[in-house]
Amino acid sequence: MPSLQTQLDLACQSIQHEIGVGKVADYIPALAQVPADKFGAAIVTVTGEKALFGDSQEYFSIQSISKVFALTASLNLHDKKIWDRVGREPSGNAFNSIVQLEKEGGIPRNPLINAGALVVTDSLLESKTTEDCTAHLLKLVRQLADNDSIAINSEVAQSERETAHRNASLAHFMQSFGNLKRTVSDVLDVYCQQCAIAMNCEQLARSALYLASNGTDPLTKTHIVDEERARRINAMMMLCGHYDASGDFAHRVGLPGKSGVGGGIVVVIPDIGTVAVWSPCLNVNGNSHAGTAALEALVRATNWNVL
Ligand code: GLN
């Protein structure tokens with residue numbers, strides 16, 4: 001059996017020609033500046049083994065991957081009540097689509113599309129200032145990554161906040177149905193900060209390890225979420241983590257995963273570990289093109305898929 005490092009090297013080397021295929025997200029102006037030819041990957045196992053490849057130490061904004069951490073925080077705060085305000089079905093629509101909201105009474109399909117994530121962020125704001133809420137999320141991410149240096153890229157946060165017209169529309173629409181408790185402005189303030197959390201592949205893989213280990217960090221032994229909640233977060237990632245390409249991702253990779261328009265993807269291999277990849281060029285669904293290809297190659301070699 002080749003070493004973990006060899007398996008990662010071989011998988012990543014086999015897809016180098018895919019780097020640069022697709023488009024860097026440019027609807028958030030600060031993201032358009034990220035060089036298209038970046039590629040990094042990291043594996044962290046539940047026993048603490050590590051393998052790194054390429055730009056694995058470079059920081060990128062985690063964007064929608066933050067939705068997993070926000071959902072974790074919300075389940076801990078509100079338990080099942082969050083499911084009264086957000087569904088748990090794949091949407092089959094783009095991550096920032098508004099079309100289903102009207103027919104479905106302002107209840108977003110799931111917590112991993114933008115509309116759902118805005119409701120989750122609203123739930124975290126309950127009786128908190130926007131600053132306290134952002135600090136609460138950042139504290140959780142630092143705990144998950146076991147790294148207190150993780151920070152928010154304020155340039156990216158500001159850039160998204162200034163151009164958040166779609167997300168503002170989604171939030172206003174949901175507010176008209178009574179599914180937002182705080183002001184649109186407060187919700188967007190926190191949401192844009194959480195999306196701009198900057199991490200590298202190694203930190204990102206490390207931060208999702210609790211999901212590979214029944215909700216408890218296997219290295220620090222810290223209880224993060226109950227086992228049942230961890231299972232449900234993984235279920236959401238499997239079904240909805242790649243928006244309207246979630247089926248395609250399951251078909252190719254077969255693991256619970258979450259992508260972000262910064263080009264990052266994190267996947268969970270239950271009882272084994274986590275993998276994070278980063279490459280900023282996205283496919284039409286807003287998921288990293290080369291990152292998905294690397295995960296597909298890795299899973300083919302390791303047989304880590306759960307399907
Ligand atoms: N911050 C981004 C947005 O709301 C996140 C989207 C994503 O990563 N898919 O548009």
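Keep in mind it's a predicted model, so treat the numbers as computed, not measured. Counting starts at 1 for both ligands and their atoms, following the listed order.
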- Message: Does this structure show an ion pair linking D217 with R206, if we count only N-O contacts that are shorter than 4.0 Å?
- Response: yes
- Query: Are the side chain of R229 and the backbone N or O of T72 linked by a donor-acceptor pair below 3.5 Å?
  - Reply: no
- Evaluate the side chain to side chain contact (heavy atoms under 4.5 Å, CB included) criterion for residues S64 and V261: first the C-alpha distance (whole Å), next the side-chain angles of each, then the deciding distance (0.1 Å), finally the verdict. CA-CA 7 Å; S64 281; V261 289; 5.9 Å; no
What are the distances between nitrogen or oxygen atoms of ligand 1 and protein nitrogen or oxygen atoms, counting only those under 3.5 Å?
| unit_1 | atom_1 | unit_2 | atom_2 | d |
| --- | --- | --- | --- | --- |
| ligand 1 | 1 (N) | Q63 | OE1 | 2.5 |
| ligand 1 | 1 (N) | E160 | OE1 | 2.9 |
| ligand 1 | 1 (N) | E160 | OE2 | 2.7 |
| ligand 1 | 4 (O) | N114 | ND2 | 2.9 |
| ligand 1 | 4 (O) | E160 | OE2 | 3.1 |
| ligand 1 | 4 (O) | N167 | ND2 | 2.9 |
| ligand 1 | 4 (O) | Y191 | OH | 2.6 |
| ligand 1 | 8 (O) | S64 | N | 3.1 |
| ligand 1 | 8 (O) | S64 | OG | 2.7 |
| ligand 1 | 8 (O) | V261 | N | 2.8 |
| ligand 1 | 9 (N) | S64 | OG | 3.0 |
| ligand 1 | 9 (N) | Y243 | OH | 2.7 |
| ligand 1 | 10 (O) | Y27 | OH | 2.5 |
| ligand 1 | 10 (O) | N114 | ND2 | 3.3 |

- Task: Check N287, T292, N283 against S259 for a side chain to side chain donor-acceptor pair (under 3.5 Å) and give me the one that passes.
- Result: N287
- Under 3.5 Å, side chain of D26 to main-chain N/O of A32, donor-acceptor pair present? no
- Qualifying residues under side-chain hydrogen bond (donor to acceptor under 3.5 Å, both in side chains), relative to D146, sequence neighbours excluded: none
